[in-house]
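See below for the structure under consideration.
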Amino acid sequence: MPIYRSHVLICGGTGCASSGSREVTESFRNAIRDRGLSEEVLVVPTGCHGMCEMGPIVVVYPEGTFYCRVQKSDVAEIVEEHIYKGRPVQRLMYSGSEDMPFIPHYKEIPFYGKQHRIALANCGYINPDNIEEYVARGGYEALGKALAGMTPAQVIDEVKTSGLRGRGGGGFPTGLKWSFCASAKGDKKYVICNADEGDPGAFMDRSILEGDPHSIIEGMMLGAYAMGADEGYIYCRAEYPLAIQRLKTAMAQAEAYGLLGENIMDSGFSFTLHVKEGAGAFVCGEETALMASIEGRRGMPRPRPPFPANSGLWGCPTNINNVETWANVPPILRNGGAWYASMGTEKSKGTKVFALTGKIKHTGLVEVPMGITLREIIFDIGGGILDDKKFKAVQIGGPSGGCLTEEHLDTPVSYESLTALGAIMGSGGLVVMDETTCMVDVAKFFLEFTQKESCGKCVPCREGTKHMLLLLEKITEGKGTMEDLDTLEGLAHMVKDMSLCGLGQTAPNPVLTTLRYFRDEYVAHIRDHKCPAGACAALLEYRIIQEACKKCGICARNCPVKCIPGDRNSGYHIETDRCIRCGTCFEKCPFGAIEKK
Amino acid sequence: MAFSADEIREKTRKIVEPWRNGKGGLIPILQAVQEQMGYLPPEALETISREMKIPSSEIYGVATFYAQFHLKPRGRHVVRVCRGTACHVRGSLKILDSVKEITGVEENQTTEDLRFTIEPVACLGACGLAPVMMIDTQTFGRLTPDMVKGILDKFE
């Protein structure tokens with residue numbers, strides 16, 4: 001194996017790829033070849049580093065120099081200065097606070113400081129298309145250990161000791177779930193990986209699939225061995241083409257190495273794996289709906305029991321876990337359950353990956369120990385609110401979750417603490433909102449989503465969410481009454497209590513939490529016909545501040561409905577009754593002379 | 001990509017072939033048909049029904065359940081504007097409006113010249129780059145409304 005003095009790691013995840021990392025990779029290869037360094041320096045495309053906003057990200061080892069937003073035009077300089085002459089290029093480094101204008105190393109960036117990476121350990125560090133790099137990082141060691149020296153029951157015990165709980169949202173203890181399936185009667189059993197990551201605002205599963213596909217394959221094999229299954233499915237959404245491609249490559253490589261297929265490592269254990277592409281239905285994230293979809297039917301949930309552990313895919317005992325859960329299994333088996341259980345809180349062990357997005361300075365993926373506070377995640381890791389605006393709320397757990405406020409920021413994050421506040425851990429989406437976000441609009445937004453995705457099988461969800469949405473539309477248009485608020489709340493409780501599956505049972509959460517913590521905003525929409533955040537278009541009024549107006553006429557020229565009459569001598573004004581509140585004038589005015597209220 | 005009815009039947013038969021004795025084939029078959037023909041023509045659905053011995057009603061039920069399947073021809077390029085939470089709070093509605101204005105068609109519609117189909121999508125999972133849109137398999141991030149035209153122009 002050739003030895004290189006330097007490795008250039010370039011993120012090839014979806015985020016960085018759309019910022020141009022493929023061209024950057026190509027340029028690096030060319031520049032290194034032209035400099036005659038091909039034998040000394042290796043260019044490695046990797047998975048996601050999590051800091052997608054700063055992409056394309058390039059890390060040069062052995063120094064570990066972290067370059068942000070690298071463009072094709074920067075490549076020559078990095079190769080010439082850093083790689084050839086050994087002088088890192090400061091201007092492309094991450095720029096921190098004033099006293100640390102250039103942070104050269106990965107680990108010193110505050111975004112990574114408080115993180116603890118287990119599920120994401122390999123993401124951004126190895127080439128996901130090369131099985132040898134995964135093996136070099138301890139990959140398939142856990143599988144070997146289990147197959148050579150552990151009984152299936154011992155594997156389950158180790159997972160039980162770890163305290164790992166379902167990372168897809170439910171939070172059910174993984175070891176216990178495995179033991180149900182292991183003791184279920186049946187010759188044929190299945191394991192499934194739920195990679196139908198449909199929550200808007202969550203992309204941790206995509207990153208693991210793209211950045212470390214082997215960890216999922218190995219995790220599933222360990223589960224299959226423990227439960228006595230010999231066949232598995234990865235159900236991945238079709239919106240993730242790169243993830244599907246990487247999985248298929250990884251599976252082919254594992255097969256070629258004899259790590260997947262018949263008689264693995266000569267142990268007598270066999271396992272076949274399939275990738276199923278989803279067809280675009282959020283409800284398929286629900287386990288019984290997902291199995292119906294694999295079977296080729298409409299993805300609609302069914303009542304439980306029987307639970308999948310006893311009667312799942314094609315009537316056989318089946319175990320379903322989500323991507324992040326599976327990815328945690330190999331490190332647990334490798335290092336022992338007690339090691340994993342040493343992190344986190346009493347009931348929520350280990351780490352959790354969160355997707356930090358919205359009005360925050362550093363958007364991206366972060367993996368933190370359970371028990372960390374929301375404040376640490378948002379302010380210490382995420383760097384606080386974009387444009388130094390005021391923090392208003394954080395929406396946690398996707399469309400099934402809830403909105404939490406300033407007063408909850410110091411709550412340690414665990415399954416129990418979040419449920420107690422009316423939110424859920426969910427898959428780990430954290431969408432941060434500032435003072436310009438209207439909470440009624442947010443509730444409406446989520447309900448629009450769940451309403452559209454409701455499969456229509458049970459009445460409370462199908463009809464209930466529809467009427468809740470109509471009420472919210474009425475309120476955001478300023479036509480609501482105070483009675484509507486009571487109706488909305490009543491309906492929300494009914495939908496929550498009576499729906500068949502998780503989708504309906506959690507769909508009202510955004511409405512209930514915003515009603516609980518931001519009731520005054522609802523009241524402002526109803527009583528004063530005002531949207532305090534200035535987001536609900538129907539309630540806005542645009543006005544030109546005459547003292548600040550320079551009479552340039554830009555607003556009038558850009559107005560799509562020509563409702564700003566006037567000329568350069570006498571000035572301009574907006575005719576409110578013809579205004580469609582599109583906000584174009586507000587954005588185009590170079591002097592900030594237009595206000596919206 | 002217009003095929004005659006006979007061609008559609010013939011192509012569909014080829015797609016169905018490997019699944020004839022397997023289980024769970026309906027969705028992959030529909031995906032393959034749509035991949036080749038751009039949508040699910042009635043002739044293809046009939047052929048699947050006959051070859052796989054699945055009632056047409058069931059096939060229709062599956063085809064209309066999933067957002068990915070289309071019973072009408074679609075544009076050469078599918079423009080998916082992300083309407084996820086992160087994109088929403090960073091202004092994705094304006095991106096969608098801009099796409100609609102430039103192409104002159106509404107959501108889930110196709111331009112007359114079959115150049116574009118506009119499709120809002122729940123989340124593309126590129127939240128770090130919000131707001132985002134995806135044209136075919138290419139993702140574009142950190143968008144502002146005035147960038148949209150330049151991007152659409154690249155797709156003929």
Side-chain angles (χ1 to χ4, degrees), chain A residues 14-15 17-19 50-53 55 197-203 205-207 237-242 276-282 284 293-300 314 355-359 363-365 395 398-399 429 431-434 437 442 445-446 449 452-453 455 582-583 587, chain B residues 19 22-32 34-35 52 54 58-69 80 82-94 97 101 119-130 132-134 136-146:
Chain A
T14 297
S18 69
S19 305
M51 213 174 182
C52 310
E53 202 199 349
E197 182 175 57
D199 278 19
F203 53 105
D205 293 349
R206 199 206 64 204
S207 270
R237 53 193 302 235
E239 284 89 343
Y240 290 176
L242 185 61
K276 275 269 171 176
E277 273 180 50
F282 177 68
C284 286
S293 183
I294 293 182
E295 291 172 11
R297 294 182 287 124
R298 287 169 77 107
M300 296 211 280
W314 288 296
L356 200 51
T357 57
K359 303 280 185 75
T363 57
L365 275 193
Q395 210 282 344
V431 185
V432 176
M433 294 158 190
D434 67 8
T437 315
V442 166
F445 170 80
F446 280 118
F449 176 79
K452 214 185 278 171
E453 295 293 342
C455 78
C582 64
E587 273 163 23
Chain B
W19 292 98
K23 45 188 180 175
L26 182 53
I27 292 175
I29 289 170
L30 292 175
Q31 280 168 335
Q34 185 157 292
E35 167 90 30
M52 294 290 290
I54 301 173
E58 199 179 314
I59 295 175
Y60 185 77
V62 170
T64 51
F65 182 82
Y66 294 99
Q68 202 190 70
F69 295 127
R80 293 193 174 88
C82 182
R83 293 287 292 126
T85 327
C87 289
H88 177 73
V89 300
R90 285 200 177 184
S92 66
L93 195 57
K94 292 216 165 115
D97 285 342
E101 197 189 310
E119 211 171 72
V121 54
C123 183
L124 291 171
C127 316
L129 301 173
V132 181
M133 72 174 171
M134 187 162 141
D136 304 333
T137 55
Q138 242 180 301
T139 316
F140 299 90
R142 297 193 201 103
L143 295 174
T144 55
D146 46 350

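Per chain, numbering begins at 1; letters A, B, ... match sequence-line order.
- For Phe282(A), no part sits under 4.5 Å from any heavy atom of chain B, backbone or side chain.
- In this structure, chain B has a heavy atom under 4.5 Å from the backbone of Cys582(A), while its side chain stays farther away.
- When heavy atoms are compared at a cutoff of 4.5 Å, Asp434(A) does not approach chain B at all.
- For Arg83(B), there are no salt bridge (Lys or Arg N to Asp or Glu O under 4.0 Å) partners, not counting sequence neighbours.
- From His88(B), atom NE2 reaches atom OG1 of Thr357(A) across 12.5 Å, with rounding to the nearest 0.5 Å.
- Looking at heavy atoms from C-beta onward, Val121(B) lies in side-chain contact with Glu239(A) at the 4.5 angstrom threshold.
- Across Gly358(A) and Val89(B), no two heavy atoms sit closer than the pair CA-CG2, 3.7 Å.
- Crowding of Tyr60(B) atom OH: a count of heavy atoms from other residues, nucleotides or ligands under 6.0 Å not exceeding 12.
- Looking at Gln31(B), its side chain does come within 3.5 Å of a backbone N or O of Gly278(A) through a donor-acceptor pair.
- The candidate with the highest count of non-hydrogen atom pairs below 4.5 Å against chain A, out of Arg90(B), Arg80(B), Met134(B), is Arg90(B).
- At a 4.5 Å heavy-atom cutoff, Ala355(A) makes no contact with chain B through either its backbone or its side chain.
- Shown here for Phe65(B) and Gly299(A), the closest heavy-atom pair between the two residues is CZ-O, 3.0 Å.
- Proximity to chain B (any heavy atom under 4.5 Å) is restricted, for Glu295(A), to the backbone atoms N, CA, C and O.
- Closest heavy-atom contact between Arg298(A) and Tyr66(B): C-OH, 3.7 Å.
- If you measure heavy-atom distances from Glu587(A) to chain B, the contacts under 4.5 Å come from the side chain alone.
- Contact of Lys452(A) with chain B is not made at all, since no heavy-atom distance falls under 4.5 Å.
- No other option in Ala238(A), Gly296(A), Gly583(A) has as many heavy-atom pairs under 4.5 Å with chain B as Gly296(A).
- Of all the heavy atoms in Ala122(B) and Phe449(A), the pair that sits closest is CB-CE1, 3.1 Å.
- Atom CZ in Arg206(A) sits 7.5 Å away from atom SG in Cys127(B) (nearest 0.5 Å).
- Residues satisfying the side chain to side chain donor-acceptor pair (under 3.5 Å) test with Glu101(B), not counting sequence neighbours, are none.
- Taken to the nearest 0.5 Å, the SG atom of Cys123(B) stands 7.5 Å off from the CD atom of Glu197(A).
- Ranked by heavy-atom pairs under 4.5 Å with chain B, the first of Gly280(A), Pro241(A), Gly50(A), Gly429(A) is Gly280(A).
- In terms of heavy atoms, Gly15(A) sits closest to Leu129(B) at O-CD1, 3.0 Å.
- Closest non-hydrogen pair, Phe203(A) versus Gly128(B), comes out as CZ-N, 4.1 Å.
- Residue Glu53(A) holds its CD atom at 6.5 Å from CZ of Arg142(B), rounded to the nearest 0.5 Å.
- Contact check for Ser293(A) versus Ile27(B): side-chain heavy atoms found under the 4.5 Å cut-off.
- Looking only at heavy-atom pairs under 4.5 Å with chain B, the residue among Glu453(A), Met51(A), Arg297(A), Gln395(A) that has the most is Arg297(A).
- Using a 4.5 Å cut-off between heavy atoms, Ala126(B) contacts chain A through both its backbone and its side chain.
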